[in-house]
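Hydrogens, waters and symmetry mates are skipped; everything else that's a heavy atom, side chains included, is used.
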Amino acid sequence: MRKILLVFLLFLAVPVSSYGKEEVYKTYTDIGKLEPPAVTISQVLSSRDEFDRKIFTLDGQVGELRFKKMVNGRKFTLFQFFENDPERRINVYARGFVEGIENGSKIRIWGRYSKHKRYFLSKRKNIMKAKKIQIDGVPESVQSGTEEESSS
C-alpha cells in the first residue's frame, strides 16, 4: 500500500513541476532595423476588412502601457498604438515584458492585425499581435529624468 501511495504522489509531483518553470520568450526589440511601413494607422482603421489577418509594419506612438501576468504566470505587454490622435488607435499585444518601452515612445511594429479578437467571453476590436518591435525614440520627459539622475 505504501508503494502505491508513493508512486501516486510521485506521479502527481512530476507534471506540476513543469508548470512552475517560467517561459522565456524571444526578445522583440533585438531584431535590427525594420522596413519602413507602407500603410498608416489611419488607413488600417478606415478599411479594417482589407487589412484583417494580414501581417504588416506600422509607425506610431505608445499610450496606456501595461505589463500584465496571467494566472498561470505567463507575462504579456499591452499598449495602445496611435499616430497623432489617441482616439484613433490600435491595441497591441506582445508576449512577455517588452524591455525599453515607455509611454510616449516612438516605435515601429511588425505584426498581425485582427479587426476582432475573442478572448473567452469578451470580444476586442483593432488588435495587433506584435512579432517585432523597433523602438525609435524615448519621450523627452523620460530622457531628461535620466540625465538629471546621472548628473547628480
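- In this view, Arg89 satisfies the salt bridge (Lys or Arg N to Asp or Glu O under 4.0 Å) rule with no residue, not counting sequence neighbours.
- Leu65 pairs in a side-chain contact (heavy atoms from CB on, under 4.5 Å) with only one of the listed residues (Thr77, Val92, Leu78, Val98), which is Thr77.
- Interatomic distance, Lys132 NZ to Leu34 CG, rounded to the nearest 0.5 Å: 6.5 Å.
- Residue Ile55 comes nearest to Lys131 through the heavy atom pair CD1-CE, 3.9 Å, listed as atom of the first residue, atom of the second, then distance.
- The two residues Ala130 and Ile109 have their closest heavy-atom pair at CB-CG2, 4.0 Å.
- How far CD of Gln61 is from NZ of Lys106: 4.0 Å, rounded to the nearest 0.5 Å.
- In this structure, Thr57 and Glu35 approach most closely via the heavy-atom pair CG2-O, 3.5 Å.
- Considering only heavy atoms from C-beta on, Phe56 comes within 4.5 Å of Val44 through its side chain.
- Annotation: Glu64, atom CD; neighbour count of heavy atoms from other residues, nucleotides and ligands within 6.0 Å does not exceed 12.
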Side chain to side chain contact (heavy atoms under 4.5 Å, CB included) for Phe51 and Leu45? Distances and angles first, verdict last. CA-CA 9 Å; Phe51 292 103; Leu45 294 176; over 6 Å; no
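- Formation of a donor-acceptor pair under 3.5 Å by the Asn91 side chain with backbone atoms of Lys125 is found in this model.
- Atom CD in Gln43 sits 16.0 Å away from atom CZ in Arg48 (nearest 0.5 Å).
- Summarising the local packing, CG of Asp85 is surrounded by more than 12 heavy atoms from other residues, nucleotides or ligands at distances under 6.0 Å.
- Surrounding CZ of Arg124 are at most 12 heavy atoms belonging to other residues, nucleotides or ligands under 6.0 Å away.
- Under the 3.5 Å distance criterion, with hydrogens and angles disregarded, a donor-acceptor pair is assigned to the side chains of Ser114 and Arg53.
- Between Met70 and Phe76, the shortest heavy-atom distance links the atoms CG-CE2, 3.6 Å.
- Once rounded to the nearest 0.5 Å, the distance linking CD1 of Ile133 with CZ of Phe81 reads 9.0 Å.
- Side-chain contact check for Val39 versus Tyr113: every heavy-atom pair is 4.5 Å or farther apart.
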List the steps and the verdict of side chain to side chain contact (heavy atoms under 4.5 Å, CB included) for Lys54 and Arg112. CA-CA 6 Å; Lys54 300 271 191 314; Arg112 181 183 300 271; over 6 Å; no
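- For the atom pair OG (Ser42) and CG (Leu58), the distance works out to 10.0 Å, reported to the nearest 0.5 Å.
- For the pair Asp136/Arg108, a side-chain contact is recorded, criterion being any heavy-atom separation below 4.5 Å from C-beta on.
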Evaluate side chain to side chain contact (heavy atoms under 4.5 Å, CB included) for Lys129 paired with Lys117, printing each intermediate quantity in order. CA-CA 10 Å; Lys129 183 175 180 184; Lys117 196 77 171 171; over 6 Å; no
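- Here the CD atom belonging to Glu102 is positioned 12.0 Å from the CD1 atom belonging to Ile107, to the nearest 0.5 angstrom.
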Could you go through Ile41 and Arg88, starting from their C-alpha distance and side-chain angles, then the distance that decides it, and tell me whether this counts as side chain to side chain contact (heavy atoms under 4.5 Å, CB included)? CA-CA 8 Å; Ile41 294 173; Arg88 296 191 46 82; 5.7 Å; no
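- Of all heavy-atom pairs between Ile90 and Met128, the closest is CG2-CB, 3.8 Å.
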